[in-house]
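Have a look at the structure below, then the notes.
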Amino acid sequence: MQYKEIIERIYKELEDYTGHGKVADYIPALSKVNPEHFGISVATLDGDHFSAGDVETRFTIQSISKVFTLAMVSRHLGDKLWEIVGREPSGTAFNSLIQLEQERGIPRNPFINAGALVITDRLISLYKNPKEDILTFVRELSGNRDLNYNKDVALSEIEHSYRNLALANFVKSFGNLVNDPVKVIDTYCHHCALSMNAYELATSFLFLANGGIVSTSGQRVCGSRSAKRLNALMLTCGLYNESGDFAYRVGLPGKSGVGGGVVAVIPGKLSIAVWSPELNKNGNSYRGIEALERFTTYLGISVF
Ligand code: GLN
């Protein structure tokens, strides 16, 4: 079966698959999102795009942005990265404080909030205009120059960032944060509020299916070894305490966000993004994961 038929079939099968989860409400601006949105978009290395449902409406990509900031920072730090953050799955919620005390401020991996805050902190030190530079980076990956932050969501999260601010301060108390926690939270909440649609998201992850090179422009984002490592981190840590289950069901490197987006990569072939805002108890898109599981099952291809 071809990609087009497969995603149209999945779209039909799951069109009414709502009421299983809950839209994120700990960031007030996110609670206003209509839970019924549903879109699937596939971008292939051959330059084809296949979409079903709502792939034009933008939503905030939230934690999916952590892959972009990690790519921007690991470029500069290389293996020194592993002195400030670990690379093991955490087995705890994305915003948990528990391990940080025992592990003395070295977050378990770059995708839990504590780890992403450390990455954002170093990004602020490495780049001249961090918020602008993140936008430029993602605009190049997506080929879309008018991508922007959703200011309302960013400000709403900043205003309610009690937990993330606690994480940043806690990490700072162990000496693993260089900048002012308030500044780190500001940049972090902005990149989480990057507003993209499923089509743009699938397109911008294609470099990870292509050994680190943007297939449309030929631009190298990172070396093939870095691309392998980013994919490995997505596979082992991309869905927090649901990463094992995601690997078991979907069999691909993936990354989720509380805006309801999930993106996954088949190295050498394609990337796929699904948007459906109802979340399960781990903060991952309920229908998004279901759709991805069906995609690799019907296609008969995963990384395994
Ligand atoms: N901005 C969100 C937060 O920090 C991102 C979390 C997520 O998408 N899992 O809580």
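Sequence positions, counted from 1, serve as the residue numbers for this chain. Counting convention: from 1, in listed order, for ligands and their atoms alike.
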Those atoms of ligand 1 less than 4.0 Å from some heavy atom in [X]:
| X | result |
| --- | --- |
| Q62 | 1 (N), 2 (C), 5 (C), 8 (O) |
| Y240 | 7 (C), 9 (N) |
| N164 | 3 (C), 4 (O), 10 (O) |
| C192 | 1 (N) |
| G257 | 8 (O) |
| S63 | 5 (C), 6 (C), 7 (C), 8 (O), 9 (N) |

Legend entry - Heavy atom of the protein closest to atom 4 (O) of ligand 1 (residue, atom name, distance):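 Among all protein heavy atoms, the one nearest atom 4 (O) of ligand 1 is Y188 OH, 2.7 Å.
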Legend entry - K255 NZ/CZ over F111 ring centroid, <6.0 Å and within 45° of normal: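 Geometry flag: set, cation within 6.0 Å and 45°.
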Decide whether an N or O pair under 3.5 Å exists between [X] and ligand 1.
| X | value |
| --- | --- |
| S256 | no |
| F94 | no |
| E157 | yes |

Legend entry - Any N113 heavy atom less than 4.0 Å from ligand 1: yes
Inset, instruction - Give a yes-or-no answer on whether the side chains of N179 and S125 include a donor-acceptor pair shorter than 3.5 Å. - result: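 A donor-acceptor contact under 3.5 Å links the two side chains.
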Legend entry - Side chains of R58 and S195, donor plus acceptor under 3.5 Å: no
Inset, instruction - Look at D25 together with K32 and state whether they make a salt bridge at an N to O cut-off of under 4.0 Å. - result: no
Inset, instruction - Answer yes when R108 and E103 have at least one side-chain N-carboxylate O distance shorter than 4.0 Å, and no when they do not. - result: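 Answer for the salt bridge query: yes.
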Inset, instruction - Verify the cluster assignment for L194 and I119: are they in a single hydrophobic cluster under the rule of side-chain heavy atoms below 4.5 Å apart? - result: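 L194 clusters together with I119.
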Legend entry - H191 and F68 aromatic centres sub-6.0 Å: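 No.
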